[in-house]
Amino acid sequence: MNNQTKETYQTSQLYRLRHSTAHILAQAVMEMFPGEAQIAIGPPIENGFYYDFDLPRALTLDDLPILEKRMHEIIDGKHKFIKSEPNLEQARKEFAHQKYKLELIETIAKPDKSKADSVKHEPDAISFYTHDTFTDLCRGPHLEHTGEINPKAVKLLSVAGAYWRGDSNKTMLQRIYGTAWNTPKELRKYLWTIEEAKKRDHRKLGTQLGLFHFSNDIGPGLPLFTPAGETVRHLMESYVRDVQSKYGYQHVWTGHVVKEDLYKKSGHYENYRDAMFPAMIDENVKFRLKPMNCPSHMSLFKEMGKHSYRDLPIRFAEFATLYRYEKSGELTGLTRVRSLTQDDCHIFCTPDQIQDEFALALDLIQEVLKRYRFTDYRVRLSLRDNTGKYVQDDEKWKIAQSALKNALDVSGLDYYSETGEAAFYGPKADFMARDVLGREWQLSTIQVDFIQPSKLGLTYHGEDGQEHTPVVLHRAVTGSTERFLGVLIEQYAGAFPVWLAPVQAVIIPITDRNLEYCHKLSTTLQNVGLRVNIDAGNDRMNSKIRKAQVQKVPYMLVIGDKEEQSNSVSVRSRSGKNTTVQSVDEFLSLIEESISSGE
RNA sequence: GCCCUCGUAGCUCAGGUGGCAGAGCACACCCUUGGUAAGGGUGAGGUCAUGGGUUCAAAUCCCAUCGAGGGCUCCA
């Protein structure tokens, strides 16, 4: 939506505006449930704000206009936001009946030791902000007064459940999402973006374009791909495969089922057991559907004999379908599934090679993202925090972290660090790409792993004749075929670039007597590898054009007597503009050009 | 998994205070052979997600299960 970094957003006027609007929402909700509403937290977020409540009844969408109306009244009151800094006792007294606020007050009074590291500044003094009749425990900052908000630029959007402090063991609260902007125009633009996103929803377009289905007979999160959908999948995978081969990656295949013991050795069992499908048991030996490739690729590395430092780097790539037992509530279309095909790769190298390999992977990723028209992205350097979920080996983490940082510095890419996002075995560089609507997706990833190779006993012979443990870089370009396809459908609004379109051209005869010529034309085009259909149905030409437009087929070739006599085609592109009559050869070079340019 | 909402034809959706199941598109057949976004007619298609309950009567009300969506949480 905007290119502001987090830091400048947090000091922006818009941030204060949204924060203040959240307070006004909280006031309106408290008045709706006098004496019964418990308020939790209500921060600004990207594009808006939310506030969490514990209420005597469930909110419905019908409540939102009522709350909005009351918010408008409060805004019109031009109430000042007044900051105060009570001591601990006063704070406890003020919120004596607000248990969530009390809990927050105690947290501020006694900061959590485990998070002490990430909070570099002094512990905050307790501060309140009061406007009208409402006082909130809040760090601020806020607007001068409520009148600075344009009520026509504020809208409440939805109600959702949210755990107190994001902890599934704690109370489920009700969250109201809202949005606020400086001007009604900006609000309208944002609401348009939401509408546009709905139109582009890959689940909707996937049905409309006939790409994939879900079936109750198959199971949740297990998509079925139609011939058209599989065509796109196949194109995506062969494209990445070709690029990988060009960059010196080798493709391997390691199957679907693995002994559970391997995941105990690798550490995945401990960390991800809940996200694996239940075990299959064969005479006391437990097997699992493969939820990730790393242990399989590492096992293959081991089986291939002794390795010399001269053989490294070795790069194993695989388009493997993995099975992850995602919780039922988390499944979403193609972006979150239980069977996913990763374009995964593991690079076995010496510590000295990390930087070069990282740079190579970076080049590869940039080439691929560009082909898919993702040009706006940044890199998130994902580091560990102090929680216990990471493998304990400070020395190795340090090396891995600085290796990644160096490589990123050398690359000149825009990156930012985020703690708590690392893999359990090492830090990651994640590519966060914005689509045409400004939404950010995590696509590619490069991870440094000093842990698993030693856990699984991988070795190579170094120059010194000694055995060493290789470093493994984990790398995915598009992530998973399924998810990436979902993102692509939304990025392109279903209008795939010509090279990816399941059908590149539809031949539309005007009358039946043109059919024979259409078949000849179709054969000519298919012989040079184009994906072409003839719409030989009983409909009129207009109706066939409409059908092709709705299916977003890049080219419609209308064939009547005139074209037949002059051995030409009437070319209509899906933009609907500039239909031209061309010779078949002219059309061939036109479509070849659009394929290679990636349009 | 949890909170909320939803599930009617292949698709998009009406209907519903309990009383014979509806439309458009798509599909099949017939007529029409048309020049750049929907030609006309006829027809077929539903155990109203599934299972139980209340009732003379359930698509409609209640319970459970399954599935989907908005979130929370998680993502090797």
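Predicted, not measured: the structure shown is a model, and the values here were computed from it. Each chain gets a letter, A, B and so on, in the order its sequence line appears, and its residues count up from 1.
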Next item on the list: When you get a sec, tell me which of A37(B), C3(B), G67(B) is the closest nucleotide to the side chain of Met172(A)?
Entry: C3(B)
Notebook entry, point to check: For Ser543(A), which contact category applies under a 4.0 Å heavy-atom criterion: base, sugar-phosphate, or nothing?
Noted result: sugar-phosphate
Margin query: What's Leu331(A) touching, base or sugar-phosphate or nothing? Going by heavy atoms closer than 4.0 Å.
Written below: sugar-phosphate
Notebook entry, point to check: The side chain of Glu330(A) lies closest to which of these nucleotides: A76(B), C74(B), G70(B)?
Noted result: C74(B)
Checklist line | Base partner of C11(B), which must satisfy Watson-Crick or wobble distances under 3.5 Å | finding: G24(B)
Check: Contact class for Tyr272(A) (heavy atom, under 4.0 Å): base, sugar-phosphate, or nothing?
Finding: base
Check: What does Ala162(A) touch in the nucleic acid at a heavy-atom separation under 4.0 angstrom: a base, only the sugar-phosphate, or nothing?
Finding: sugar-phosphate
Next item on the list: Give a yes/no on whether any side-chain N or O of Tyr323(A) is located under 4.0 angstrom from OP1 or OP2 of C75(B).
Entry: no
Note to self: At 4.0 Å (heavy atoms only), tell me whether Arg175(A) reaches a base, stays on the sugar-phosphate, or touches nothing.
What the structure shows: sugar-phosphate
Note to self: Using the side-chain heavy atoms of Ser328(A), tell me which of these nucleotides is nearest: G70(B), A76(B), G1(B).
What the structure shows: G1(B)
Item checked: Nearest-nucleotide comparison on RNA chain B, the residue closer to the 5′ end among Val571(A) and Met292(A) -> Val571(A)
Notebook entry, point to check: What about Arg572(A), does its side chain sit under 3.5 Å from the base of A37(B) through a donor-acceptor pair?
Noted result: yes
Notebook entry, point to check: Going by atom types only, do Asp430(A) and Thr445(A) share a side-chain donor-acceptor pair under 3.5 Å?
Noted result: yes
Check: Which part of the nucleic acid does Tyr425(A) contact within heavy-atom distance under 4.0 Å: base, sugar-phosphate only, or nothing?
Finding: sugar-phosphate
Note to self: Using a heavy-atom cut-off of 4.0 Å across all strands, would you classify Tyr177(A) as base, sugar-phosphate, or nothing?
What the structure shows: sugar-phosphate
Notebook entry, point to check: Would you say the base of G35(B) and the side-chain of Glu563(A) have a donor-acceptor pair closer than 3.5 Å?
Noted result: yes
Note to self: Counting the atoms with a prime plus P, OP1 and OP2 as sugar-phosphate, which does Asp201(A) contact under 4.0 Å by heavy atoms, base, sugar-phosphate, or nothing?
What the structure shows: nothing
Next item on the list: Look at the side-chain N and O atoms of Lys428(A) and state whether any lies under 4.0 Å from the OP1 or OP2 oxygen of A76(B).
Entry: yes
Notebook entry, point to check: Counting only side-chain N and O atoms of Arg203(A), is one of them less than 4.0 Å from OP1 or OP2 of G69(B)?
Noted result: yes
Checklist line | Nucleotide nearest Asn216(A) when distance is taken to its side chain, options U73(B), A76(B), G67(B) | finding: G67(B)
Next item on the list: Looking only at side-chain atoms of Ser168(A), point me to the closest of G39(B), U33(B), G1(B).
Entry: G1(B)
Margin query: Once you apply a heavy-atom cut-off of 4.0 Å, does Gly219(A) come out as touching a base, just sugar-phosphate, or nothing?
Written below: nothing
Note to self: Any N or O donor-acceptor pair under 3.5 Å from the base of U32(B) to the side chain of Asn538(A)?
What the structure shows: yes
Check: If you look at every strand shown and take non-hydrogen atoms under 4.0 Å, does Gly166(A) touch a base, only sugar-phosphate, or nothing?
Finding: sugar-phosphate
Checklist line | is_close_aromatic(Phe348(A), Phe316(A)), centroid dist under 6.0 Å | finding: yes
Notebook entry, point to check: Base, sugar-phosphate, or nothing for Ala275(A), non-hydrogen atoms under 4.0 angstrom?
Noted result: base
Next item on the list: Indicate, with a heavy-atom threshold strictly under 4.0 Å, whether Pro291(A) touches base, sugar-phosphate, or nothing.
Entry: base
Note to self: Looking at the base of C74(B), is there any donor atom on it, or on the side chain of Arg336(A), that sits under 3.5 Å from an acceptor on the other one?
What the structure shows: yes
Check: Has the side chain of Tyr163(A) got a donor or acceptor that lies under 3.5 Å from a partner of the other kind on the base of G71(B)?
Finding: no
Check: When the aromatic ring centroids of Tyr325(A) and Phe277(A) are compared, is their separation below 6.0 Å?
Finding: yes
Margin query: Within the 4.0 Å heavy-atom criterion, would you say Lys544(A) contacts the bases, only the backbone, or no part of the nucleic acid?
Written below: nothing
Check: Where the side chain of Lys327(A) is defined as all heavy atoms beyond and including C-beta, which of A76(B), U73(B), U33(B) is the nearest nucleotide?
Finding: U73(B)
